[in-house]
Amino acid sequence: MKILAVDDDPDTRALVVRSLRQEFGSDIELHEAIDASQLTEALEGAAPDVLISDFDLRWSDGFEVLAKVKAAAPDCCCVMFTGTGNEELAVRALKSGFDDYVVKSALQLRRLATTVRAAYERAERTRALARDRDILLRELYHRVHNNLQIVISLVMRTSRTLEHPADREKLEALCARVVAISMLQEEFYRSERLDAVPFGNYLTRLAEQQVGLADDVALEMRLEDVQLPVQSALPVALVANEMLTNAMKHAFASGGPGKLIVTLERRGPEVALAVTDRRTPAAASASASARAPATVRNPGFGMELMEGLARQVRGRVEHEIHEDGRTTRLTLPL
Amino acid sequence: MNPLNILIVEDEFLVADYLSDLVRQAGHRVVGVVDCAEDALNGAGDFDVAILDIRLRGQLDGIQLAERLRQARPGKRHIYISGSSDPATRERAYATSPLAFLQKPIRPGELWEALAGAA
């Protein structure tokens, strides 16, 4: 354990050192800093595990020392050891990030060492818990992705045994939906928040993946920074997947040229997610014929899915037909 | 496009099977499917690109396998597929200059794009 004692009174430092040596023997590496340059120097080497700092220093105060030490060693546990203390300072110290507060006096000197030990052990336990949590989280994500991959592999293997291309297409669409879910999972993992996800990032990855395969279709993303909570992110992700799939399948069945516009914007208390396809005239006439049979063959499953998921998030789906394409929009309360 | 000879190293039978399908759909040849790094090092025939799962049965993981393949067979390329995407693993993986690092579940288009980069 590396301990850094910051105090500009040599007598106090000597007492601190003696008290710590009595408690820890040679298990500790002790460093002392009496001024700003010694503090900087001490922080340049290996990070300290424990800081003991006075509040009232001629060249600084305990809070500035805390900030410097935490910047260099975020995990360092910190104890304020002061003779100028009162209750107000003690509360401020604990709120600012000190792990404990000990008043300088002959009686408290022994307490300083046991306080340091307790604070250090507490910090160790917290670190161990955080490590375990990280390992668990990584393992969980790995298994989720791996298992979804197995589900997709199984579905695709089943698909090979089907005779009709239309049936195989339905299973492929099912796999695309599973992939859309797993990409959302990935976004949660990356965002380092478990309760909300930056939805624009997700839309970008989803849209790029869908449009990436098509020739001559430009992708335009108009995204505001919207965080969706975990309960609505999944249904909205699935609606987005349907919108993109429909646009690619119906508007650009035989490729471009054209443009796919994805917008995500706040509208007062609501969020609107829209996918617009704009076909250049040549593509429009080419896909007009491709579009009709696809819509007739599967008259409503995708639509039903969108409507149901929209209801789940208390939202609504609207369609607009333009001269050169159409817009599908999901609006939901944020 | 030149058809490539592809070696698949993946210990889940279903996933290996799915990958083989995707490789063939893109017009390439699957020249071997093995489920551990040791078999890939000892028994694999000639290939252009290895598709490597990172977590494998046996002593070596996919990244260690790539390191050895790069020494033993310079000029061969590889693509990682993995269920995990933690930064430390990615960093180790990218240090071996893969054609791509693909997150499971695999998006077919991404795999085809990565293969097209080697063809």
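Residue numbers start from 1 in every chain, and the chains themselves are labelled A, B, ... in the order their sequence lines are given, proteins ahead of strands.
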(request) Without swapping roles, check the side chain of A:Gln149 against the backbone of B:Ile106 for a donor-acceptor pair under 3.5 Å. (result) yes
(message) Non-hydrogen contacts under 4.5 angstrom with chain A: give the residues of residues 48-64 of chain B involved, or none if there are none.
(response) B:Arg55
(request) Identify the residues of residues 216-231 of chain A whose heavy atoms come closer than 4.5 Å to a heavy atom of chain B, ordered by number, or report 'none'. (result) none
(request) May I ask you to name which of B:Asp86, B:Leu19, B:Val15 has the most heavy-atom pairs under 4.5 Å with chain A? (result) B:Asp86
(message) Testing the basics here: between B:Pro105 and A:Leu148, what is the closest heavy-atom pair and its distance to 0.1 Å?
(response) CG-CB, 4.0 Å
(request) Give, for atom CG of B:Asp17 and atom CZ of A:Arg157, the distance between the pair rounded to the nearest 0.5 Å. (result) 4.0 Å
(request) With rounding to the nearest 0.5 Å, note down the distance linking CG in A:Leu206 to CZ in B:Arg107. (result) 9.0 Å
(message) Under the ring-ring contact (aromatic ring centres under 6.0 Å, His included) definition, can you give me all pairs with a residue in residues 56-89 of chain B, not counting sequence neighbours?
(response) B:His78-B:Tyr80
(message) Just verifying a value: how many Å separate B:Ser82 OG and A:His145 NE2, rounded to the nearest 0.5 Å?
(response) 9.5 Å
(request) Measure the spacing between CG of B:Leu14 and CD1 of A:Ile150 and express it to the nearest 0.5 Å. (result) 6.5 Å
(message) Nearest 0.5 angstrom please: A:Arg160 CZ to B:Asp21 CG, how far?
(response) 4.0 Å
(request) Answer yes or no: is there a side-chain heavy-atom contact under 4.5 Å between A:Arg138 and B:Thr89? (result) no
(message) Which residues in residues 95-104 of chain B have any heavy atom closer than 4.5 Å to a heavy atom of chain A?
(response) B:Gln103, B:Lys104
(message) Rounded to the nearest 0.5 Å, what separates atom OG in B:Ser84 from atom CZ in A:Arg143?
(response) 12.5 Å
(message) Quick check on A:Tyr189 against chain B: is it the side chain, the backbone, both or neither that has a heavy atom closer than 4.5 Å?
(response) side chain
